[in-house]
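Notes follow once the structure below has been shown.
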Amino acid sequence: MLDIKLIREQPELVKDALKKRQIDSVIIDDIVQLDEERRALILDVEGKKAERNSVSKEIGRMQDKTEREAKIASMRELGDQINSLDEQLKQIESRLFERLAGIPNIPDSDVPVGVDDKDNVVIRTIGEKKHFDFEPKPHWELGPELGILDFEAGVKLAGTRFYVLEGAGARLQRALIFWMLDLHIRQGYKEFYPPWMVREEIMFASGQLPKFAENLYHDYQEDFWWVPTAEVPLTGIMMGEVLDEAELPLNLTAYTACFRREKMSAGRDVRGMKRGHQFDKVEMYKYCTPETANEELDNMVADACATCEALGLTYRVLLQSTGDLSFGSHKTYDIEVWAPGCQEWLEVSSISNIGQFQARRANIKYRPADGSAPQFVNTLNGSGLGMPRTMIAVMENYQQEDGSILIPEVLKPLMGGIEVIQKE
RNA sequence: GGAGGGAUGGCCGAGCGGACGAAGGCGCCUGUCUUGAAAACAGGUAUAGGGCAACCUAUCGUGGGUUCGAAUCCCACUUCCUCCGCCA
C-alpha cells in the first residue's frame with residue numbers, strides 16, 4: 001500500500017511509476033479526487049462532532065430543565081446529520097481504500113524499465129555450464145527411470161501438476177530442506193515454523209489479497225487461506241507490532257509448503273516438476289530500517305548465492321525489469337540455476353525489497369534509537385531456495401551416463417550413506 | 001462440543017453513563033543534584049486522521065446498537081484463561 005500523502009503531493013511521480021510497470025495511471029486522478037472529497041467531508045463532520053461534544057458537556061451541567069430539553073432536542077437533530085455524513089464518509093473511504101490497495105509499489109530508481117521478464121538484466125553469471133560427454137537427460141526422464149519421481153501417482157492422487165517423490169528422491173528433498181535451514185541459521189537467520197494456513201487479514205497484510213485471490217486456495221468452511229509462500233506468515237507474525245531499532249535487522253527463515261492455484265500460468269510449464277500446485281520452499285525474511293534496506297538486500301542475495309554455490313550449481317543473478325516486478329516489490333533480484341537436461345535457466349530464488357509497502361498494510365513499525373516517532377519498517381523476502389527447481393538442477397547436473405545421480409558433497413551427511421542414487 | 005471468567009497506553013493495573021485519552025505503579029526521556037553514575041526530586045512520555053496554525057476528531061479486543069453524551073449499558077463476533085466432555 002502506498003502512502004496517500006505521496007499520491008496527494010506527488011501524483012506525477014506515482015503515475016510515472018505505474019507507466020513504467022505498463023499500468024494505466026488514470027486511477028491516480030480518481031484517487032486524488034476521492035481524497036479531496038474525503039477531506040472535505042471530514043472537515044464538515046468533525047466540526048459537527050466537536051459541537052456535539054461541547055454541548056453535551058454543557059447539558060451535563062445544566063440545571064434549567066426547559067433549556068436542557070431544548071439543547072437535547074437540537075443535539076438529537078445534529079446527531080442525525082452526523083450519522084448521515086459518517087455514512088457518506090465511510091463509503092468514500094472504502095472506495096478510496098479499495099483503489100489504494102490495488103496500486104502496486106513504486107520501483108526503485110535503478111530498476112531497469114521493461115515490458116516483461118525478457119527485459120530483466122543479467123548482473124553476473126557464476127560458473128560454467130557443465131560439460132557432458134553424453135546427452136544429459138531432463139529430470140522427467142531421469143526421475144521416473146530411477147524410480148524416485150512418479151508423475152502418474154501424483155495425477156492419480158490429486159490431478160495434473162502434482163507428483164510423488166519416493167525413496168531416495170523424497171530423502172534428497174528432505175536433505176535439501178534440512179541443510180538449507182541449517183545454512184541460513186549459520187548465516188544469522190532465526191528459524192520459524194509457522195501455520196501453513198492463515199486468516200484473510202494476514203493475506204491482505206502481505207499483499208496477496210484482494211488482488212491475487214484467484215491464485216490462492218481458500219477453505220470456505222473455516223475461512224482459512226493456504227499460504228502461497230512463507231513470506232505470508234513471516235510478514236503476519238509482526239503485524240501491528242512496534243519493534244526497537246536496536247533489534248533490527250531481524251532475520252527469519254522458515255520452511256513451508258507453498259500452495260498456488262496457478263490460474264495465471266494455465267498451460268505453462270506443465271512438463272516435469274517445475275511448476276506445481278504444491279511445492280516446498282525454504283524462505284528468508286528480513287525486517288530492517290529504510291536506511292539499511294539496500295545493503296540487506298545485497299546480503300540476502302549473497303546468502304542465496306552461497307546456497308547455490310555450496311550445492312555446486314551454475315547460477316546467474318538478474319535484476320528484474322519494471323515489467324516483471326511483482327505487485328508489492330520495490331526492487332527484485334532473481335537467481336537462476338542452469339539445468340542441463342531441460343536446457344533451461346530455472347528461477348530458484350526471487351529476492352525483493354518491499355520497502356514500506358507491506359509494513360504499511362500490516363502496520364509494522366520500529367521505534368528509532370533516537371526516540372523519535374515510530375516509522376514503518378522495510379521488509380525483504382527471498383527464497384533460499386525453492387525445492388522443486390533446486391531438485392531439478394541437482395538431478396540434471398549430477399547425472400552420470402548410466403542414468404544414476406551423484407549426491408552433492410554437502411548433502412551426503414544427510415543421506416544415510418547414499419552417495420549415488422541408482423536404479424534399485 | 002458444554003460451563004464460567006477475562007481482553008484498558010511500551011508493560012502492569014484502576015475505572016463500570018457526563019470534567020476520562022483515561023488514576024496509580026513500572027519502564028523510558030529531559031532537568032536539578034553529583035567528578036561520573038545510582039538514589040532522590042521536578043517535568044515530560046500513545047496512535048491515526050483533519051487543519052497554515054491555535055486546535056479539532058477518532059481510538060479502552062473488533063463490528064453494530066441504545067443515549068444529548070459510552071472504556072462504562074445492550075447485541076454479535078474474535079481471542080485468551082479455567083473446568084468438563086471428546087480425540088490423540
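Residue numbers start from 1 in every chain, and the chains themselves are labelled A, B, ... in the order their sequence lines are given, proteins ahead of strands. This is a predicted model, so every value here is computed, not measured.
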[N] and [M]: how far apart are their [atom1] atoms, nearest whole angstrom?
N      : M      : atom1 : answer
G21(B) : A71(B) : C1'   : 10 Å
A3(B)  : A58(B) : C1'   : 38 Å
A14(B) : C26(B) : C1'   : 15 Å
C16(B) : C83(B) : C1'   : 27 Å
C20(B) : A39(B) : P     : 32 Å
A48(B) : A38(B) : C1'   : 39 Å

With heavy atoms under 4.0 Å as the rule, sort [X] into base, sugar-phosphate or nothing.
X        : value
Lys71(A) : nothing
Ile59(A) : base
Arg38(A) : sugar-phosphate
Lys48(A) : nothing
Arg52(A) : sugar-phosphate

- Message: It should be established whether Arg8(A) places a side-chain nitrogen or oxygen under 4.0 Å from OP1 or OP2 of nucleotide G50(B).
- Response: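 Yes, because at least one side-chain N or O of Arg8(A) sits under 4.0 Å from OP1 or OP2 of G50(B).
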- Task: Rounded to the nearest angstrom, tell me the gap between atom CG in Asp44(A) and atom C1' in G50(B).
- Result: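 Distance check: Asp44(A) CG to G50(B) C1' gives 12 Å.
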- Could a donor-acceptor pair under 3.5 angstrom be found where the side chain of Glu46(A) meets the base of G49(B)? yes
- Quick one: do Asp35(A) and Arg38(A) make a salt bridge, cutoff under 4.0 Å?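 Yes, this pair counts.
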- Query: Is it the case that more than 12 heavy atoms not belonging to Phe178(A) sit under 6.0 Å from its CZ atom?
  - Reply: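 At most 12 heavy atoms, drawn from other residues, nucleotides or ligands, come within 6.0 Å of this atom.
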